[in-house]
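Step one of this worksheet: look at the structure below.
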Amino acid sequence: MSFFFDTNVLVYVFDRAESVKQAVAQDLVTAHMTARNMVLSTQVLQELYVTLTRKKQLGAADALEVVTTFAQERIVPASADLVLRGLALSQQRQLSAWDALIVQAALQAGCTTLYSEDFQTGARFDDLVVVNPFVLQAHEPAPKPLRKPR
């Protein structure tokens with residue numbers, strides 16, 4: 001099984017202002033990088049760099065180092081076919097073009113799970129299911145940060 005990560009989940013790894021979400025994101029990323037089943041796209045890598053530097057979470061050199069590290073994972077490259085299929089999906093499912101490209105990249109990679117907070121948890125796109133890792137189930141207690149914010 002492969003798990004696609006949307007940019008917003010990766011950004012929380014570095015967001016000290018959101019300590020609970022940061023801990024969840026760090027644990028999720030660490031687990032999937034260790035299991036070698038994390039999938040990203042070139043779009044995610046670009047968005048991550050822009051977001052980290054624009055929000056001043058990291059300097060340009062540090063953000064590039066982060067992107068370089070994530071670029072070692074399985075990457076779905078942008079292609080004309082991916083863009084055209086993503087735009088068609090955007091029209092079919094009333095998604096923004098950017099969100100549809102994320103979904104299309106995950107589908108193209110054969111992922112079963114898309115981690116994102118930009119979609120409704122449980123949304124399905126063929127065999128792909130969206131999971132918002134920051135949403136609690138009714139029976140779950142609120143998570144406590146596993147480590148102290150830096």
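None of these values were measured; they are calculated from a predicted model.
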Show me the donor-acceptor pairs within less than 3.5 Å that the side chains of residues 61-71 make with the rest of the protein, sequence neighbours left out.
unit_1	atom_1	unit_2	atom_2	d
T68	OG1	L64	O	2.7
T69	OG1	E65	O	3.0

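- By the 4.5 Å heavy-atom criterion applied to side chains, F125 and L95 are counted as neighbours.
- A heavy-atom distance below 4.5 Å is found between the side chains of V103 and F119.
- Scanning for ring-ring contact (aromatic ring centres under 6.0 Å, His included) contacts around F5 gives H32, Y115, with sequence neighbours left out.
- Under the 4.5 Å side-chain heavy-atom criterion for ILVMFWY residues, no single connected hydrophobic cluster contains both V129 and M1.
- Taking 4.5 Å as the limit, every side-chain heavy atom of V131 sits out of range of all side-chain heavy atoms of L114.
- For the pair L28 and V9, the minimum side-chain heavy-atom distance is below 4.5 Å.
- For the residue pair E117 / Y12, a side-chain donor-acceptor distance below 3.5 Å is found, with atom types taken as modelled.
- Considering L48, V130, D118 in turn, D118 is the only one that fulfils the side-chain contact (heavy atoms from CB on, under 4.5 Å) rule with D6.
- Taking the side chain as every heavy atom from C-beta outward, V39 and E73 never approach each other to under 4.5 Å.
- Here the side chains of L82 and Q108 are in contact, with some heavy-atom distance below 4.5 Å.
- Side-chain contact check for F4 versus I102: some heavy-atom pair is nearer than 4.5 Å.
- Looking at heavy atoms from C-beta onward, L58 lies in side-chain contact with F14 at the 4.5 angstrom threshold.
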